Each structure stands twice: as C-alpha cells, then as structure tokens.
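Worksheet: the structure to be examined is printed underneath.
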Amino acid sequence: MSIPLWPRAASFYADRIDLLVVSFSALLLCLAVPVFVAILWFAVKYRRGSPAERGGPVKREAGIEAAWMAIPFLLSLGFWFWAAELFFVRSTPPPGTLDITVVGKQWMWKAQHPGGQSEIDTLHVPAGQPVRLRMTSQDVIHSLFLPELRLKQDVLPGRTTELWFQADRPGTYALRCTQFCGTDHATMGGELVVLPPTGYADWLSTSAVEPTLAQEGAALFRRLGCSGCHGSSGGGGAGGGGGSAVRAPDLGGIYRLPQPLADGGTVIADERYLRDSILDPVAQVVAGYEPVMPSFAGKLEEADLMRLVAYIASLKPPSGTTP
Amino acid sequence: MTATSTDPGTGTGAARAAFDPRPYTAAGHTLRSWLTTTDHKRVAILYLIAITGFFALGAVGAVLVRLELATPRPDLLSAETYNRAFTMHGIVMVWFFLIPSIPNVFGNFLIPLMIGARDLAFPRLNLLSWYIYVLAGLFTIVTLVKGGVDTGWTFYTPLSTQFANGHVLLAAAGVFTAGFSSILTGLNFIVTIHTMRAPGMTWFRLPIFVWSHYATSILLVLATPVLAMALILIVAERGFGVGIFDPRLGGDPLLFQHLFWFYSHPAVYIMVLPAMGVVTELISTFAGRAVFGYRFVAYASLAIAALGFLVWGHHMFVSGQSMYASVVFSFLSFLVAVPSAVKVYNWAATLYRAEIRFTAPLLYGLSFIGLFVFGGLTGLILASLALDVHAHDTTFVVAHFHYIMVGGAVTAYLGAMHFWWPKITGRLYPDALAKLSVLLLYVGFNLTFFPQYILGWLGMPRRYHEYPAEFQVWHLLSTAGAGLLAFAYLLPLVYLPWSLRWGQRAGPNPWGATGLEWRVPSPPPTHNFDRIPTVTWEAYTPEATAETKDTPP
Amino acid sequence: MTGRTGAGPGTTASPGQLGLWLFLSTEVMMFGALLLAITLARLGRSGAAPFDKGLGAANTAILLTSSLLVAVAVERSGPCSGPGRARLPLVGAAALGVAFLAVKAVEYRADFAKGLVPGPDLFVNLYYVATALHAVHLTIGVALLAGLALVRPQPSTVEAAGLYWHFVDLVWVFLYPALYLVPG
C-alpha cells in the first residue's frame with residue numbers, strides 16, 4: 001500500500017490551488033527558516049561560557065522593527081491577492097452551466113440532474129463542462145467537500161448555496177460532508193464520478209427518470225392555488241382571456257429579467273427574489289399589483305420551494321405578447 | 001548578577017501592622033484555610049489543582065479520539081460515543097483548561113508580585129471566581145459524561161438547537177456560568193494593573209508578562225459576554241422554542257456562527273497572549289538580556305487583542321457569507337500576523353549578543369517558538385481564501401489550532417510551571433528529567449500533529465471516526481505521537497510533586513531573573529512585600545536585580 | 001496610558017468604580033450583540049415594526065423619569081445631605097421600575113392577543129428575547145434600589161447602583177428605536 005502524500009487534482013482549478021499553496025508555503029518557509037537558523041546560531045554562539053562578544057547598545061531599533069513588520073507583510077499580501085482572485089473564480093459561475101440540484105439531509109446527499117435523473121451519495125458529471133450545484137439542506141448545516149477539486153461549500157437549511165466547478169479529468173473521486181452534522185456525519189459521503197461527455201450522456205439515458213423539479217413544481221403550483229391568480233402562460237392559456245380578473249402578474253418568462261417594483265425600483269427576478277416573494281410576498285411587489293398575496297412562510301418545505309422556483313424558472317414568455 | 005531580596009522581618013513602617021515573614025504556604029494547613037483563602041497566591045494554587053484535574057479529563061477525551069482513529073473502521077467507539085468524546089475534549093480543554101490556564105494560575109500568582117502589590121484589587125472576587133469556575137466545571141463534566149453532548153465544542157446551530165439529542169442546554173449553562181469566572185478574573189486584573197502598581201512602576205516598566213495579561217483581560221471582559229449572548233439565544237430556541245437560528249422557525253443559522261466566532265476567535269488570543277508573555281520572560285531571563293524592542297512587544301499584545309475582534313469571519317469563508325466580507329476578513333487576518341511576527345523576531349533578537357543558559361524553562365520557551373511559528377504560518381495558509389476553501393473543516397485546521405493552543409499555549413504553561421516552580425514552592429526540580437520531558441514534548445507533539453496537516457490536505461475531514469483505509473499510516477503516526485506526548489505531560493506530574501518533599505531548596509532568585517517577584521523569598525510571604533518597593537529602574541535591566549530601594553518611612 | 005503617567009495607588013479611578021465600569025462594559029457587549037442581531041433581522045424584513053409604539057414610548061418616559069430620580073438620589077446621598085434624604089427618590093425610581101414591568105406585561109398580553117407570538121418572524125422572536133432579558137436586568141435594578149431604600153447606604157454604593165440603573169435605562173433607549181421605531 002502506498003503512502004498518500006498529495007491529493008489527486010481533477011481540474012485545472014485544482015492545479016492552480018496546488019501551485020498557490022506550494023508557492024505560498026515556499027515564501028513562508030523563506031520567512032521562518034532564517035528565524036530558526038538565527039535562533040539556533042545565537043543559541044550556540046552566545047551560550048554561557050563561549051568566547052563571543054556580548055551586550056552592547058541596540059542601534060536603529062525602530063528601523064529594524066519597521067523592516068520586519070513591513071517586509072514579510074507586503075510579501076504575503078501578494079498571496080492574499082492571489083488567493084482572493086482564485087476565490088473570486090470559485091464564487092462566480094460562468095454562464096451556461098449544467099445545473100444540478102443537491103439536497104443534503106442527515107445523512108445522505110441527493111442530487112437531481114436537469115433531465116430528472118436522480119442519485120443518492122453519488123454525483124455523475126461530464127468532464128470539461130461547467131457544472132453548477134444548487135444546494136440546500138433539509139435539516140442542519142452540511143458541507144459538500146470535493147477534495148480532488150479543492151472545493152467545498154456549506155449547505156444550509158432555509159437558503160440555497162451554489163458551488164460551481166469544471167472537472168477536467170474523468171475518474172472517480174471523493175465526495176464528503178465536512179460540516180459536523182450529527183451521529184453519522186462520517187458516513188455522509190460517496191463518489192464524484194467524472195465521465196467523458198459521451199459517457200455522461202449514456203449514463204443519463206440509462207438512469208431512471210423521476211419527475212423533474214419543474215414538473216413537480218407545476219403540480220404544486222396548481223395544488224396550492226397559485227395558478228388561480230398568476231394566470232401563467234405555462235399553466236394552460238389563462239393569460240390571454242379575461243383581463244378583468246388579473247390580480248397577480250403572469251410569471252412566464254420573468255426568470256432572471258428585471259421587473260419594475262411598486263416602490264419605483266427594479267429587481268432581478270432571480271431565485272432569491274422568487275423564493276423571498278413566496279415567503280414574504282408584500283416585501284417587493286411588482287408595479288401595478290396590490291399586495292394581496294398570502295405568505296407561504298412555514299407552509300412549505302424547503303424542497304417544495306425549490307420545486308416552485310424551478311417551475312417558475314422554466315416558464316416561457318406568454319405566447320402572443322411582445323415585449 | 002546576584003540575587004537579592006527584601007530582608008524579611010525588619011519592617012519599620014509604623015503605620016502598618018506587623019509584617020508576617022512566614023511563607024504563604026504556612027498560613028494555614030487545614031482544608032478550610034485553603035478553601036476560604038483570599039490570598040492571590042493560594043487562590044492560584046487552588047486553580048492549579050483544579051486545572052490539572054480538568055486537563056486530565058480533557059485528555060481522556062483526546063486519548064479516546066486518537067485510539068479510535070488508529071484504525072479506519074469504527075471499532076473501539078460507536079459514532080455516538082466518538083462524537084461525545086471529541087465534544088467533551090473540546091469543551092473541557094477550551095473553557096476549563098486553556099482559557100483559565102496561564103492567567104488564573106500564573107497571572108493570579110504573579111501579577112501582584114510583579115507590579116509590587118500585596119494582592120489583587122478584589123481578593124474576595126478572586127476566590128469567588130475560582131468557586132464559579134470549579135462548580136461550573138464539575139457541572140459541565142457531569143453533563144458531558146452522563147448522557148453527553150454531541151455537537152462539538154462549537155455548538156453549531158441548528159444542529160445544537162433542534163437536532164442534537166444530548167444535554168445541550170445543561171452544557172451551555174455550564175459554559176455560560178464559567179464565563180462569569182473569566183469576566184471576574186479579567187476585571188480583577190485590569191483594575192489591579194491600573195490602580196495597584198508600586199511607586200515608580202510605570203506602564204513601560206511593567207514586565208511583558210503583565211502587558212500580555214492586560215491585553216488578555218480586555219479580551220476576557222469584552223468577548224465573553226458575546227458568547228453569553230449566543231448561549232442565551234441557544235437556550236431561547238432549544239428550551240423555549242423561540243426561533244432564532246433554525247430557518248423552519250424563522251431563524252438564521254449563520255447568526256450563531258457570527259456571534260460564536262466573535263467570541264471564539266478572541267478566545268484563541270486569550271489562550272496565546274499569556275503564553276507569549278511567559279515566553280518573553282523566559283527568553284529574557286535566560287539570555288541575561290533586556291527584551292529587544294520592549295515597547296514593540298508590549299504594543300504588539302494590544303494590537304493582537306484589538307485585531308482579534310475583527311477577524312471572526314475567517315471561520316466562515318465557505319459558510320455562504322458574502323464574498324466581499326470574506327475578502328476583508330482575509331485581509332485583516334493577514335494583518336494579525338504582523339504583531340505576532342513582531343514578537344517572534346524580537347525574541348530571536350533578544351538572543352543576539354546574549355549569554356544564554358540552557359535550562360529546562362528556556363527549552364520550553366524555544367519549543368514554544370518552534371511550534372507557535374509553524375502554527376502561525378499555517379494560519380496564514382488558512383487565512384488565504386481559496387486555500388481555506390479546500391482546508392476548511394479538515395484535520396489541517398485541527399493541526400493548525402493544536403500547534404497554537406497545545407504546541408503554543410500548553411508548552412508555555414509548562415515553561416511557566418518550570419520557571420516559577422521554585423518561586424511558588426521554594427523547591428528545585430531535577431533539571432535532567434525536565435529537559436527530557438521537553439524533548440519528549442517536542443518530538444511527540446510534532447509526531448502527533450504534523451501528520452494531521454498532511455491528512456487534512458489529502459481531504460480527511462475533522463470529526464470523522466472512520467475514514468478511507470489509505471489514510472491509516474498518517475493516523476497511526478499521529479496516535480503513536482500522542483502516546484509520546486502523553487508521557488511528556490505525565491513526567492512533570494511525577495517529578496514536580498516529588499520535588500515538593502525531596503527537591504533542593506530554592507533561594508529567592510535561583511535564575512538571576514529581574515522581576516519584582518524574585519526580590520521576595522521563595523515561597524513569598526502572605527503579604528508579598530515587607531515594604532512596597534519603589535521602582536527606579538527599567539524592566540529587564542541589571543539594576544532590576546540590585547538592592548531594592550524602599551520607600552522612606 | 002503613557003510611560004509618564006505617575007504610577008501607584010490612587011492615581012486613577014478608585015478600584016470599585018473602575019471595576020463597575022468594566023462590568024457595565026460586559027453588559028454593553030452582550031446587549032450590543034443582541035442589537036446587532038436585531039438590526040440584521042430588521043434589514044431582512046419588510047413592513048413597519050408591529051409593536052405598540054405608544055406603550056413603548058410610555059415605558060421610555062417612565063424609565064427616563066426613574067433615571068432622573070436615581071440621579072437625585074445620588075445627589076442627596078452625598079456627604080452634604082442629611083441622612084435618609086435619598087430614600088424617597090430611591091423608592092420612586094424603584095416604583096417606576098415596577099410600573100415599567102407592569103406596562104410591559106400589559107403590552108405582552110396585547111401582543112399575544114394580536115397574534116404577535118414567537119413564530120416564523122425572527123424580528124418578533126428577538127423582540128421577546130431582548131425585552132425579556134432587559135426585564136430581568138430591570139428586576140435586578142428594582143431589587144437593588146428597593147434594598148438601598150431600606151438601609152442607610154454609603155454614597156459610593158448609591159452611585160454604583162445608580163450607574164447600573166442608568167445603564168439599564170440606556171439599553172432601553174437603544175432597544176426602543178430598534179424594536180419599535182425603525183421603519184421597514
């Protein structure tokens with residue numbers, strides 16, 4: 001059995017992290033080793049009984065102090081910047097990601113692909129393509145850790161966090177939970193399987209399909225009575241007809257587009273806004289409508305919220321209207 | 001350099017009651033005389049005994065954890081037991097050993113002696129603080145052993161408020177109560193240092209040990225209440241169902257982390273600042289030289305304390321806090337390295353052109369530097385945003401903070417023990433055995449925790465009781481090192497008590513050191529100074545060991 | 001805090017005063033943490049604060065008046081005053097403290113009647129935690145003042161209790177706008 005010394009790197013991003021940590025460690029050693037050498041050298045040279053010259057006044061104390069305060073700090077600042085830049089890369093997904101929904105709960109990970117394929121404690125992704133995980137937790141805080149990608153992100157109840165990556169090298173890698181989440185924390189993990197794009201397509205086509213989040217959301221949308229007021233274009237033609245009963249905006253095609261608000265501002269109808277509007281509808285009302293929608297806070301599970309948002313995001317603009 | 005002391009028994013101050021020259025240890029031998037004492041030195045001994053007990057209990061948790069981790073499978077402990085073991089280890093070591101360790105034992109014993117006072121400003125409060133600490137500690141221990149708590153010492157919500165099964169409320173109550181002890185101690189030290197310094201003992205004549213304790217006390221007083229608030233809010237949610245942290249109840253799970261780390265990051269400096277104070281005394285004494293850059297070292301303590309309040313967000317880089325907040329917290333965390341580095345560089349410079357005596361206390365001091373520097377540098381790696389994303393919540397972090405808290409604070413605690421033992425007890429211990437225990441400590445510590453850096457970077461999360469088989473080599477090394485380390489901690493527990501009876505008697509100043517505490521007999525008399533000295537010399541100068549100039553009657 | 005400061009006993013505030021201020025600083029940090037949480041909850045929430053501004057304002061007036069009485073008591077406990085002259089303002093301040101708690105109880109009842117109970121609104125939940133914690137501090141203050149009114153206290157004791165009372169008052173002065181007034 002070989003002794004592991006360094007984790008495998010499954011992406012170019014991981015290579016960049018490794019380069020950063022090795023470079024920074026080299027600088028830190030350059031700063032620390034002279035101190036250790038000096039201490040050892042002084043310890044030998046100035047030991048009691050040695051013939052060395054001792055004592056004497058201290059000269060230019062302030063200058064010395066300023067030097068060893070400023071120089072190491074300024075040198076390390078370069079690495080602060082470098083690390084912040086990579087953090088920025090990690091935190092800003094490019095457009096056109098493959099979005100996979102991940103739900104953590106004590107003590108398993110559930111992932112659902114855009115086509116409805118879902119899996120537990122395993123995550124299949126295509127190599128060379130940006131993937132965005134949209135994650136939430138059903139109970140406590142978890143953290144999804146993909147060591148070979150040098151990435152992790154906490155997964156919180158009550159909100160959605162994101163993690164994006166591009167795995168460049170096909171293979172099977174680790175997937176672990178790193179935020180202590182109760183009894184079986186240590187077993188809450190599995191595998192990240194990076195497949196070549198064709199392999200991923202094969203895997204998708206052979207995996208069982210559950211209703212997608214958006215499909216489940218559509219059912220929920222009707223069951224909760226949302227469709228009664230939000231005559232949605234996707235909901236079956238309610239948008240065109242009786243304009244008299246319009247109490248709420250049509251939700252078709254609004255996703256990720258700016259919406260005018262009653263107080264004169266605008267808001268991007270992103271996931272966060274949609275989610276907040278379900279839970280606290282009167283906070284940011286779209287211009288031209290009354291704040292009459294009831295709050296659904298406490299009435300919906302986190303997974304239901306994700307389904308509803310996924311459904312709204314999937315809606316197309318109402319046919320026949322032109323912007 | 002010659003050792004001098006006030007000659008006892010010649011007190012001529014007519015305004016004062018007769019001075020009792022007997023050592024404080026002779027002021028009463030009954031249990032009652034100890035449990036009702038308000039002498040800062042005796043209270044320090046009470047702390048020493050209690051803290052040693054809590055250290056042993058915390059160590060039991062560590063031993064269980066390390067034994068379980070010797071194999072990849074969960075064989076020794078079940079998941080429940082393992083989680084309770086590391087929670088107990090964390091809670092006991094942080095709140096009942098590390099935070100009170102150096103301040104409450106050595107700060108208590110030495111601050112009045114070092115500043116030329118007869119006691120702390122509030123002696124009865126000092127004893128009260130000990131009782132609160134001991135009762136809170138025993139209560140918490142019972143809670144942790146009977147039933148237990150499995151949240152980790154960090155009590156993260158909503159796990160702790162809604163999902164954990166153990167006695168979270170009782171443990172929180174124990175930690176909350178212990179906080180009063182911290183606050184009272186910090187308050188007592190600040191008031192003492194402000195109002196009880198001997199004539200001529202200006203701020204910049206204070207030993208660095210006192211400066212460090214001043215900075216520590218500020219942290220104790222200002223940070224502990226925020227932990228209290230966080231614990232109150234846990235009780236509100238878990239005990240009364242008022243939603244604060246669980247989103248299902250309208251709460252915000254990250255709010256707890258902000259409050260918790262606002263306390264717990266400064267808490268790290270509560271542990272390490274006194275240690276730095278100790279090491280400064282050790283280096284200066286055994287180099288026979290004044291501390292290089294005294295004012296910079298003194299101000300660095302305050303700078304660390306102040307910056308300590310501004311970096312809590314570096315525990316939350318992957319929690320979902322705003323990216324821009326993280327960038328700022330990362331920068332501020334880099335900034336903390338500056339005053340820490342100032343200390344290390346000045347220690348090294350103090351050795352230049354010195355006359356160095358290799359005693360056991362100095363070796364503890366040098367070990368501290370070696371381990372602390374390594375812990376500090378890996379702290380910079382963790383403060384780097386993108387690197388923390390990978391290393392966060394792995395054993396890399398565990399290794400980092402053990403280098404600071406155990407390699408740093410505990411090593412300095414033992415250094416202080418060996419340095420001031422002759423002053424506290426009037427006895428010398430076998431030097432060779434002490435040196436052997438330093439060597440064991442240094443090797444054992446590195447063997448225990450260096451593999452954890454490697455494991456963490458390989459992707460081994462913390463708080464796992466089972467792990468992939470390929471990690472086992474490093475875990476085995478770590479467990480073996482822990483055995484060595486345990487031996488290094490047990491050895492002084494043998495020869496120090498031994499010395500109480502059979503050790504050579506120590507004079508007032510066996511090391512030729514400069515502080516005021518070395519001018520009184522060993523052990524010091526109950527009221528410390530026959531006459532309060534008037535200080536006319538700068539700290540760490542040769543004059544400091546010369547004849548005391550007494551106040552004219 | 002300079003090197004030139006004369007050192008030695010009696011060169012700064014008395015130990016008791018310094019200790020008391022340090023104790024109050026711990027309370028500031030504790031309530032400060034709570035106020036920060038309240039502010040965050042307020043920012044994450046829309047709509048005006050749902051609590052009864054009128055009762056809150058009445059309580060603010062009650063506490064400010066009580067602080068005035070405590071100041072009078074401190075003044076009257078000085079060496080130039082006759083014995084027992086501090087008793088009346090102390091009793092008055094303690095009575096106002098009780099009045100505050102009574103108003104608070106009425107307000108809690110009204111809140112409950114309106115359905116403003118701990119529930120899915122973090123701001124409302126923190127309102128209960130903050131006002132309850134403040135009420136605990138106020139109760140301690142009432143006991144202190146009432147106790148001092150019974151005995152013949154040292155001027156420094158009255159001053160210390162007064163400082164504590166002013167602090168509890170001051171906490172309310174921050175809680176009132178944060179909980180009742182800040183618009184959504």
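In this text the structure is predicted, and so the values were computed from the model without any measurement. Below, chain A is the first sequence line, B the second, and so on; all start at residue 1.
From C/F23, atom CZ reaches atom CG of B/L184 across 9.0 Å, with rounding to the nearest 0.5 Å. Between B/L254 atom CG and C/L40 atom CG the span is 11.0 Å, to the nearest 0.5 Å. We find the CG-CG distance between B/L249 and C/L122 to be 10.5 Å, quoted to the nearest 0.5 Å. The CE atom of C/M29 sits 12.5 Å away from atom OH of B/Y263, with the distance rounded to the nearest 0.5 Å. In this structure, the separation between CG on C/L36 and NE2 on B/H258 is 9.0 Å, given to the nearest 0.5 Å. Taking CE from C/M30 and CG from B/L259, the interatomic distance works out to 12.0 Å, rounded to the nearest 0.5 Å.
Of the listed residues B/I218, B/L222, B/D252, B/L125, the one with more heavy-atom pairs under 4.5 angstrom with chain C than any other is B/L222.
Side-chain contact between B/T195 and C/S14 is absent, with no heavy-atom pair separated by less than 4.5 Å.
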Handout entry: Pair C/L22-B/V191, side chain to side chain contact (heavy atoms under 4.5 Å, CB included): steps then yes or no
Key = CA-CA 9 Å; C/L22 286 170; B/V191 174; 3.8 Å; yes
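Around atom CZ of B/F180, no more than 12 heavy atoms belonging to other residues, nucleotides or ligands sit under 6.0 Å away. Within a 6.0 Å radius of CD in C/E75, no more than 12 heavy atoms belonging to other residues, nucleotides or ligands are found. Remark: C/Y176 OH is packed, more than 12 non-hydrogen atoms of other residues, nucleotides or ligands lying under 6.0 Å away. Atom NE2 of C/H166 has more than 12 neighbouring heavy atoms from other residues, nucleotides or ligands inside a 6.0 Å radius.
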Donor-acceptor list for residues 223-246 of chain B side chains, cut-off 3.5 Å, not counting sequence neighbours:
residue: B/T224; atom: OG1; partner: B/L220; partner atom: O; Å: 2.5
residue: B/E237; atom: OE1; partner: B/I244; partner atom: N; Å: 2.7
residue: B/E237; atom: OE1; partner: B/F245; partner atom: N; Å: 2.5
residue: B/E237; atom: OE1; partner: B/D246; partner atom: N; Å: 3.2
residue: B/E237; atom: OE2; partner: B/T161; partner atom: OG1; Å: 2.8
residue: B/E237; atom: OE2; partner: B/Q162; partner atom: NE2; Å: 3.2
residue: B/E237; atom: OE2; partner: B/D246; partner atom: N; Å: 3.2
residue: B/R238; atom: NH1; partner: B/S160; partner atom: O; Å: 2.7
residue: B/R238; atom: NH1; partner: B/A164; partner atom: O; Å: 3.1
residue: B/R238; atom: NH2; partner: B/A164; partner atom: O; Å: 2.9
residue: B/R238; atom: NH2; partner: B/G166; partner atom: O; Å: 3.1
residue: B/D246; atom: OD1; partner: B/R248; partner atom: N; Å: 3.0
residue: B/D246; atom: OD2; partner: B/R248; partner atom: NE; Å: 3.1
residue: B/D246; atom: OD2; partner: B/R248; partner atom: NH2; Å: 3.0

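Interface remark: B/L187 contributes backbone and side-chain atoms alike to the contact with chain C (heavy atom separation under 4.5 Å).
Contacts from residues 104-119 of chain C to chain B, taken as heavy-atom pairs separated by less than 4.5 Å, involve C/P118, C/G119 in sequence order.
Nearest heavy atoms, C/S25 versus B/V221: OG-CG1, 3.6 Å.
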